[in-house]
Amino acid sequence: MDDQGPAHSVAPGTEGDWVAIDGVVERIAANNIQIRGEVAFRVAKVQNGTPCKVGGLLHFRRSGKSQVWRLAEATIPATARRRC
């Protein structure tokens with residue numbers, strides 16, 4: 001994956017949140033992107049702000065007309081694939 005540089009956007013209450021993706025895009029479809037690799041992220045309101053990593057085949061999804069992409073594996077309770 002080529003590094004295209006950082007994307008900056010801060011919504012109220014999300015200061016300090018971040019995500020980093022290192023992987024290869026394997027599939028792009030309507031409302032679904034699959035990446036094989038690792039995603040590291042920090043969300044202040046989740047796990048007391050502890051950074052987490054998820055690896056393997058990862059699925060980003062959005063629904064309806066939403067412009068928000070969500071990492072499906074991030075909603076699963078801690079597993080061997082998720083390290084916080």
Side-chain angles (χ1 to χ4, degrees):
M1 174 184 239
D2 291 334
D3 182 10
Q4 300 297 315
H8 299 282
S9 177
V10 178
T14 64
E15 295 82 4
D17 292 357
W18 53 266
V19 64
I21 301 173
D22 183 18
V24 176
V25 175
E26 293 205 346
R27 182 171 184 236
I28 299 176
N31 300 322
N32 188 353
I33 298 174
Q34 291 180 352
I35 296 175
R36 184 170 303 279
E38 185 173 83
V39 174
F41 59 94
R42 179 194 182 273
V43 180
K45 296 179 182 179
V46 176
Q47 298 283 340
N48 294 321
T50 302
C52 293
K53 289 184 181 180
V54 182
L57 183 60
L58 306 169
H59 304 83
F60 289 85
R61 296 188 176 113
R62 68 178 181 173
S63 60
K65 295 180 181 180
S66 175
Q67 296 298 310
V68 176
W69 289 86
R70 299 191 185 280
L71 175 61
E73 287 76 10
T75 61
I76 301 171
T79 65
R81 291 177 32 168
R82 179 175 173 180
R83 299 178 311 276
C84 296

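Considering CD1 of Ile21 and CG of Leu71, their distance stands at 8.0 Å, rounded to 0.5 Å. Remark: Ile35 CD1 to Glu26 CD distance equals 9.5 Å, nearest 0.5 Å.
Side chain of Arg42 to backbone of Gly16: a donor-acceptor contact under 3.5 angstrom is found. Without hydrogens or angle criteria, Arg36 side chain to Val24 main chain gives no donor-acceptor distance under 3.5 Å. Using a distance-only test at 3.5 Å, with no hydrogens or angles considered, a donor-acceptor pair links the side chain of Asp17 to the main chain of Ala44. In terms of modelled atom types and a separation under 3.5 Å, the side chain of Gln34 and the main chain of Ile28 share no donor-acceptor contact.
Put simply, the side chain of Arg27 reaches to within 4.5 Å of the side chain of Asn32, judged on heavy atoms. In this structure, Arg62 and Arg70 have side chains that are not in contact, with every pair of non-hydrogen atoms separated by 4.5 Å or more. At least one side-chain heavy atom of Lys53 sits under 4.5 Å from a side-chain heavy atom of Glu38. Arg61 has its side chain out of reach of Asn31: every pair of non-hydrogen atoms, C-beta onward, lies at least 4.5 Å apart.
With hydrophobic clusters built from ILVMFWY side chains whose heavy atoms lie under 4.5 angstrom apart, Trp18 does not share a cluster with Val43.
Between Val54 and Glu73, the closest heavy-atom pair is CG1-CB, 3.7 Å.
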